[in-house]
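Heads up: the structure comes next, in C-alpha cells.
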Amino acid sequence: MSRESRVMVCDLAAVPDGEARRFDVESGGQVHRVAVVRLGDDLYALGDTCSHADFSLAEGEVDPDEGTIECWKHGSLFSLSTGEAETLPATRPVPVYNVGVEADQVWLEIDSLGEAAS
C-alpha cells in the first residue's frame, strides 16, 4: 500500500483501548463516517453507520472477546474484522477499511474508503 493512498485520521491516544471513536474522513469529494476501534495493539476501521438504520456504531459497545461492535439503537452486532452483521435486525455488512499506525498517528487507506475490504 502506498503512502500516497493514506490519510491521517487522529493521534493513537484519541482512541482508548476497548473503545470506538467516530471520524469524518474526506476522500474524492465525499465525507465518509468511519468508526475506529482499538483493542490492545490492534485497530479496526469500519463504516460508522449501522446498515439497518442511520445510527452511529461508534456510540455502541465494543466486545473485545467476540470482536464485535453493537449498534446502540437496535442491538445489531457487527464483526470488527469483516463488517458482517452477526445479529438481527441488521442483515447487511458495513464496509471495513485498511487501517494502521505510524509514528503514533492512525491512518486509513484512501483507496479502500467506501469499499468493503476483500
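- Grouping the Ile, Leu, Val, Met, Phe, Trp and Tyr side chains by contacts below 4.5 angstrom, directly or via other members, places Val62 apart from Leu77.
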Q: Step by step, work out the side chain to side chain contact (heavy atoms under 4.5 Å, CB included) result for Val34 and Val9.
A: CA-CA 10 Å; Val34 178; Val9 177; over 6 Å; no

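- Atoms CD and CG, from Glu84 and Leu46 in turn, are 12.0 Å apart once rounded to the nearest 0.5 Å.
- Contact record, Thr87 with Gly75: OG1-O, 3.6 Å, taken as the closest heavy-atom pair.
- Sequence neighbours left out, the pairs with a member in residues 7-19 that pass side chain to side chain donor-acceptor pair (under 3.5 Å) are Asp11-Gln105, Glu19-Arg21.
- Clustering of Ile, Leu, Val, Met, Phe, Trp and Tyr side chains at separations under 4.5 Å places Trp72 together with Phe55.
- Here the closest heavy-atom approach between residue Thr82 and residue Val96 is recorded as C-CG1, 3.5 Å.
- Counting only residues at least two apart or in different chains, salt bridge (charged side-chain N to carboxylate O under 4.0 Å, His left out) contacts with residues 53-76 comprise Arg33-Asp54.
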Q) Are Val99 and Val106 close enough, and set up right, to give a side chain to side chain contact (heavy atoms under 4.5 Å, CB included), and what steps lead you there? A) CA-CA 7 Å; Val99 61; Val106 176; 3.8 Å; yes

Name every donor-acceptor pair, under 3.5 Å, that has one atom in a side chain of residues 35-42 and the other anywhere in the protein, sequence neighbours excluded.
residue	atom	partner	partner atom	Å
Arg38	NE	Gly40	O	3.4
Arg38	NH1	Leu12	O	3.3
Arg38	NH1	Val15	O	3.3

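- Every residue two or more places apart in sequence or in another chain that forms a side-chain contact (heavy atoms from CB on, under 4.5 Å) with Ser51 is listed here: Phe78, Ala90, Arg92, Val94.
- Rounding to the nearest 0.5 Å gives a distance of 8.5 Å between NE2 of His52 and OG1 of Thr91.
- Taking CG of Leu108 as the reference point, atom CZ of Phe23 lies at 9.0 Å (rounded to 0.5 Å).
- Scored by the side chain to side chain donor-acceptor pair (under 3.5 Å) test, Ser56 finds Asp48 as partners (sequence neighbours excluded).
- The OH atom of Tyr97 lies 15.5 Å from the CG atom of Leu43; values are rounded to the nearest 0.5 Å.
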